[in-house]
Protein chains: 2
Amino acid sequence: MTGSNIRRSMPLFPIGPVMQLTELTARQIRYYEEHQLISPARTDGNRRMFSLNDIDKLLEVKDLIDQGVNMAGIKHLFALKNQEANPILKAEKTERELSNDDVRRLLRKEIVQAGRFNLPTSNPGNMNRFFH
Amino acid sequence: MTGSNIRRSMPLFPIGPVMQLTELTARQIRYYEEHQLISPARTDGNRRMFSLNDIDKLLEVKDLIDQGVNMAGIKHLFALKNQEANPILKAEKTERELSNDDVRRLLRKEIVQAGRFNLPTSNPGNMNRFFH
DNA sequence: AAAATCATGTGAGGAAATCTGACATGTTAT
DNA sequence: ATAACATGTCAGATTTCCTCACATGATTTT
């Protein structure tokens, strides 16, 4: 796993922001977890914490649901995707921990062009409170 | 403002994750806000929501504090930084709203290599619960 | 068509996270 | 030594999130 992948799997978001970013309800998100499409981390206090990977997946789920695919189908699709990805990953060079300097260096350059977020289309004004 | 800047100023994080990412206490973060070094957004329920820009700033504040600079000094430094940045910004091409397709395109490629986060150094084991 | 399944809504009751405000404390500057 | 600064800590209130249960409309199966 590379540094950026580590970051992509760092659980940062509670469910609230995830709802806004994905335009899914809490109920939907929990339901998808129930069906093991995602496995968000938990805080000590048992609250879900989502990584950017989780959010990515949720957006894919949303797309697929919109296209009529059901839980089982999505699960299979995700499994396939992993089959494709893994052999590549196996060929990848061995995991290396990031030094803090690595982090610094990485971060000095642009970063976070943020992550595959759907800016809401349905209600084009509702992000106003987001910018200051 | 470019698309990625919009994203950098999108309030995504409640104070909890920000504490972990910056290794600052809630008290410190609120104190810095009190002294107007940051201006996190608020939810409808009055909770602070921090953007990546805010987190950036907090990390700078932390560095400067460590170097003995006080609130007033940091405030001036930030002001200077903006003075430098703004003329460039003014020369920048006029603001253009992102279409959803723009977003899609942006997001298809790598994204979020996450953002200038200090992986805690003091307690190298304490991120374990973060990866799954 | 009736029954079952699916995906989601909704509400209750409780626990966790965050809020503001006040006071305490160790450090640095005057 | 006093004052100003930066942070810790506590209390009480509010918000967010949790699980569990039941309701409901849409599809699929029988």
Side-chain angles (χ1 to χ4, degrees), chain A residues 11-51 54-55 57-78 122 129-130 132, chain B residues 11-51 54-55 57-78 122-123 126 129-130 132:
Chain A
L12 296 175
F13 304 92
I15 204 169
V18 175
M19 291 170 62
Q20 293 184 329
L21 289 169
T22 60
E23 293 185 291
L24 294 167
T25 66
R27 183 67 171 86
Q28 287 176 298
I29 294 169
R30 296 189 189 118
Y31 186 71
Y32 302 151
E33 178 186 19
E34 199 177 321
H35 287 267
Q36 298 163 20
L37 301 182
I38 52 170
S39 306
R42 298 288 182 129
T43 67
D44 290 345
N46 195 37
R47 311 196 131 187
R48 273 166 268 254
M49 289 297 278
F50 299 79
S51 69
D54 292 329
I55 294 174
K57 274 194 177 179
L58 285 174
L59 290 168
E60 292 186 52
V61 169
K62 200 187 177 193
D63 277 358
L64 292 170
I65 289 274
D66 282 350
Q67 293 166 30
V69 185
N70 64 7
M71 298 296 108
I74 298 175
K75 205 186 258 182
H76 282 188
L77 286 171
F78 281 4
S122 42
R129 70 185 176 291
F130 273 168
H132 51 274
Chain B
L12 295 174
F13 303 94
I15 205 171
V18 176
M19 292 170 62
Q20 294 184 327
L21 289 169
T22 61
E23 294 185 292
L24 294 168
T25 65
R27 183 66 172 85
Q28 287 176 298
I29 294 169
R30 296 189 190 116
Y31 186 70
Y32 302 151
E33 178 187 19
E34 200 176 321
H35 287 267
Q36 298 163 21
L37 302 182
I38 52 170
S39 308
R42 299 288 183 131
T43 66
D44 291 343
N46 195 37
R47 317 204 119 177
R48 273 166 266 255
M49 290 296 279
F50 299 80
S51 68
D54 291 330
I55 293 174
K57 275 194 176 180
L58 285 174
L59 290 170
E60 292 186 53
V61 169
K62 201 187 176 191
D63 277 357
L64 292 169
I65 289 274
D66 282 350
Q67 292 165 33
V69 185
N70 65 7
M71 299 296 108
I74 297 175
K75 206 186 255 183
H76 282 189
L77 285 171
F78 281 4
S122 42
N123 184 355
N126 70 1
R129 69 185 177 293
F130 273 166
H132 52 274

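Just so we're clear, the structure is a prediction, and the values are computed from it rather than from any experiment. Residue numbering restarts at 1 for every chain, and letters A, B, ... go by the order of the sequence lines. The figures here come from the full heavy-atom set of this structure, side chains too, leaving out hydrogens, waters and symmetry mates.
Proximity of B/R47 to the phosphate of C/dA16: no side-chain N or O atom is located under 4.0 Å from OP1 or OP2. One finds a side-chain N or O of B/R42 lying less than 4.0 angstrom from the OP1 or OP2 phosphate oxygen of C/dT20. The side chain of B/R48 places no N or O atom within less than 4.0 Å of a non-bridging phosphate oxygen (OP1 or OP2) of C/dT18.
The separation between B/I74 atom CD1 and D/dA6 atom P is 8 Å, rounded to whole Å. The CG atom of A/D44 sits 12 Å away from the P atom of C/dT18 (whole-angstrom rounding). Between A/E34 atom CD and D/dA21 atom C1' there is a gap of 12 Å when expressed in whole angstrom units. Between the P atom of C/dA16 and the CD1 atom of A/I15 lies a distance of 17 Å, rounded to the nearest Å. D/dC20 atom C1' lies 11 Å from atom CZ of A/R30, rounded to whole Å.
Using a distance-only test at 3.5 Å, with no hydrogens or angles considered, a donor-acceptor pair links the side chain of A/Q28 to the main chain of A/T25. The closest donor-acceptor contact from the side chain of B/K62 to the backbone of B/T22 lies under 3.5 Å.
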**Asked** What's the verdict on side chain to side chain contact (heavy atoms under 4.5 Å, CB included) for B/Y32 and B/L24, showing C-alpha distance, side-chain angles and the deciding distance?
**Response** CA-CA 11 Å; B/Y32 302 151; B/L24 294 168; 4.0 Å; yes
**Prompt:** Could you walk me through whether A/L12 and A/M49 pass the side chain to side chain contact (heavy atoms under 4.5 Å, CB included) check?
**Reply:** CA-CA 6 Å; A/L12 296 175; A/M49 289 297 278; 5.5 Å; no
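Evaluated for a side chain to side chain contact (heavy atoms under 4.5 Å, CB included) with A/L64, the options A/V69, A/L59, A/L37 yield exactly one hit, A/V69.
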Is there any protein nitrogen or oxygen under 3.5 Å from a nitrogen or oxygen in nucleotides 4-13 of chain C, and what are the pairs?
| unit_1 | atom_1 | unit_2 | atom_2 | d |
| --- | --- | --- | --- | --- |
| C/dA7 | OP1 | A/M71 | N | 3.3 |
| C/dA7 | OP2 | A/Y31 | OH | 3.2 |
| C/dT8 | OP1 | A/Q28 | NE2 | 2.9 |
| C/dT8 | OP1 | A/Y32 | OH | 3.1 |
| C/dT8 | OP2 | A/Y32 | OH | 2.9 |
| C/dT8 | O4 | A/R27 | NH2 | 3.0 |
| C/dG9 | OP2 | A/T25 | OG1 | 2.7 |
| C/dG9 | N7 | A/R27 | NE | 3.3 |
| C/dG9 | O6 | A/R27 | NE | 3.3 |
| C/dG9 | O6 | A/R27 | NH2 | 3.0 |
| C/dT10 | O4 | A/R27 | NE | 3.4 |

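B/R27 has no carboxylate O lying under 4.0 Å from a charged side-chain N of B/E33, or vice versa, which leaves the two without a salt bridge.
Nearest-nucleotide mapping onto DNA chain C: of B/G45 and A/N46, the residue sitting toward the 5' end is A/N46.
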